[in-house]
2 protein chains.
Amino acid sequence: MATDDLMTKVLEALGDAQPTVEAIHDLTDLAEVPSSMTIAEVADRLALPAHTLRYYERAGLVTVARDSQGHRVYDADAVRRLVFLTRMRLSGMSMRELQHYIELVDAGERTVPERMAMLVEHRDTIVRRLRELTLSLAAVDYKITTYGGATGSDVERSPSREAAA
Amino acid sequence: MATDDLMTKVLEALGDAQPTVEAIHDLTDLAEVPSSMTIAEVADRLALPAHTLRYYERAGLVTVARDSQGHRVYDADAVRRLVFLTRMRLSGMSMRELQHYIELVDAGERTVPERMAMLVEHRDTIVRRLRELTLSLAAVDYKITTYGGATGSDVERSPSREAAA
DNA sequence: ATTTGCGTTAGAGCGCGCTCAAAGTCCTAG
DNA sequence: CTAGGACTTTGAGCGCGCTCTAACGCAAAT
């Protein structure tokens with residue numbers, strides 16, 4: 001994913017501190033969003049290729065005005081939405097789901113409950129994924145610490161198996 | 001990914017206990033691997049489509065013998081390798097990387113250092129991903145708890161922005 | 001006057017990881 | 001004898017999320 005860089009950057013900015021709700025809180029309005037940005041500026045800021053920004057727009061995820069030359073002009077709301085979109089993509093929400101979410105947003109206040117439901121479900125997805133990864137990490141650690149060349153067994157109890165891998 | 005089910009199953013088996021090295025240790029030889037299995041049995045056991053098992057074999061990730069009818073016969077080592085492969089896929093290692101890893105295994109003992117290096121690097125990848133997801137979780141939680149319909153801002157301080165989202 | 005540079009569009013192409021289709025073989029049960 | 005079912009192979013197809021190409025527009029700099 002092209003957005004990998006974003007999160008990497010963000011994590012570096014956070015240092016080794018545990019991500020907290022407060023830290024997140026600060027992230028969005030970290031270095032106030034200018035009232036208007038070009039595509040290059042937004043791309044730079046989000047560490048996304050400009051191509052991807054255009055792609056998101058074509059996909060209906062964000063609406064962007066044009067100036068007299070027909071060039072895109074991103075306002076603060078568009079940028080904030082892109083921050084949101086990027087975060088959701090990065091945490092595993094599909095384009096299709098995001099398109100649905102955005103449709104709901106555009107449909108007005110009455111869709112708030114459904115939006116909340118989507119967020120809660122996505123939250124569950126993230127938690128599930130965290131558990132999977134935690135388990136995988138333990139497995140890989142185990143393999144590393146018990147000297148882990150073989151694939152045949154994660155449990156190096158019978159060294160004779162090494163040959164079989 | 002088709003392998004999602006596997007991990008789901010595994011996590012359910014673990015219940016809410018924290019995944020530990022010991023738990024992982026138990027996973028591989030949980031319910032001893034039979035000395036020989038058909039493709040259907042392996043597919044069932046790993047919760048992978050048989051198609052995917054054939055695909056992995058074609059990709060060179062595992063070698064499987066045939067019986068007199070030309071049907072695949074998976075021995076315990078093959079099954080263990082598939083468990084390993086599945087775990088690695090699930091934790092984000094690409095097919096390409098796994099192919100390289102398996103090439104190293106097949107190249108013998110002298111490649112152990114490089115295999116270790118791959119495992120350690122992958123470990124880092126998992127840790128990075130865990131941090132990303134943890135951060136995303138905090139962000140989504142924040143959005144949920146602060147009443148989260150709008151996309152424009154993760155920080156619902158100016159309710160007027162709701163309209164802009 | 002022309003080159004450089006940043007932007008635009010529609011649409012094609014790509015890498016990944018499966019996933020399936022077609023056509024055939026073999027064994028068993030009715 | 002035949003029908004069903006599980007398997008085999010090769011190769012094509014698909015969904016996703018970008019990513020890039022081609023052809024063009026406009027404007028500031030040389």
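Here is how names work: the chains are called A, B, and so on, in the same order as the sequence lines, proteins then strands, and each is numbered from 1. Only a predicted model underlies this, so the values are computations on that prediction, with no experimental measurement involved. Excluded from the calculations below are hydrogen atoms, water molecules and symmetry mates; all remaining heavy atoms, backbone and side chain alike, are included.
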Original post:
Does the pair Glu132(A)/Arg129(A) count as a salt bridge with the N-to-O cut at 4.0 Å?
Top reply: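 Yes, this pair counts.
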Once you round it to whole Å, what is the distance between [atom2] of [N] and [atom1] of [X]?
{"X": "Ile39(A)", "N": "dG7(C)", "atom1": "CD1", "atom2": "P", "answer": "7 Å"}
{"X": "Leu53(B)", "N": "dA6(D)", "atom1": "CG", "atom2": "P", "answer": "16 Å"}
{"X": "Leu98(A)", "N": "dC18(D)", "atom1": "CG", "atom2": "C1'", "answer": "14 Å"}
{"X": "Glu57(A)", "N": "dC18(D)", "atom1": "CD", "atom2": "C1'", "answer": "16 Å"}
{"X": "His51(A)", "N": "dG7(C)", "atom1": "NE2", "atom2": "P", "answer": "11 Å"}
{"X": "Met37(B)", "N": "dA6(D)", "atom1": "CE", "atom2": "P", "answer": "16 Å"}
{"X": "Gln99(A)", "N": "dC16(D)", "atom1": "CD", "atom2": "P", "answer": "10 Å"}
{"X": "Met93(A)", "N": "dC18(D)", "atom1": "CE", "atom2": "P", "answer": "14 Å"}

Candidate nucleotides [options], ranked by approach to the side chain of [X] - the nearest:
{"X": "Met95(A)", "options": "dG17(D), dG17(C), dT9(C)", "result": "dG17(D)"}
{"X": "Ala40(B)", "options": "dA10(C), dC7(D), dC18(D)", "result": "dC7(D)"}
{"X": "Arg66(B)", "options": "dT9(D), dG11(D), dT19(D)", "result": "dT9(D)"}
{"X": "His71(B)", "options": "dT10(D), dT8(D), dG7(C)", "result": "dT8(D)"}
{"X": "Arg89(B)", "options": "dC6(C), dG11(C), dC18(C)", "result": "dC18(C)"}
{"X": "Arg54(A)", "options": "dT19(D), dT8(C), dA6(D)", "result": "dT8(C)"}

Original post:
Using a distance-only test with no angle check, is there a side-chain donor-acceptor pair under 3.5 angstrom linking His71(B) and Thr38(B)?
Top reply: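 Absent: no donor and acceptor within the cut-off.
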Original post:
Quick one: do the Glu97(A) and Ser94(A) side chains pair a donor with an acceptor below 3.5 Å?
Top reply: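 Ser94(A) and Glu97(A) do have a side-chain donor-acceptor pair below 3.5 Å.
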Original post:
Does CZ in Arg110(B) sit with more than 12 non-hydrogen atoms of other residues, nucleotides or ligands closer than 6.0 Å?
Top reply: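 Not more than 12 within 6.0 Å, no.
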**OP:** Using a cut-off of 6.0 Å, state whether more than 12 heavy atoms not belonging to Arg96(A) lie near its atom CZ.
**Re:**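 Counting other residues, nucleotides and ligands, CZ of Arg96(A) stays at 12 neighbours or fewer.
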Just N and O in the side chain of [X]: are any of them under 4.0 Å from OP1 or OP2 of [N]?
{"X": "Arg72(B)", "N": "dC7(D)", "answer": "no"}
{"X": "Ser94(B)", "N": "dC16(C)", "answer": "no"}
{"X": "Gln69(A)", "N": "dA27(D)", "answer": "yes"}
{"X": "Tyr56(A)", "N": "dG17(D)", "answer": "no"}

Original post:
Starting at the 5' end of DNA chain C and moving along, which residue's nearest nucleotide shows up first, Tyr55(B) or Tyr74(A)?
Top reply: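 Result of the comparison: Tyr74(A).
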Original post:
Can a donor-acceptor pair under 3.5 Å be found between the side-chain atoms of Arg96(A) and the base atoms of dG17(D)?
Top reply: no
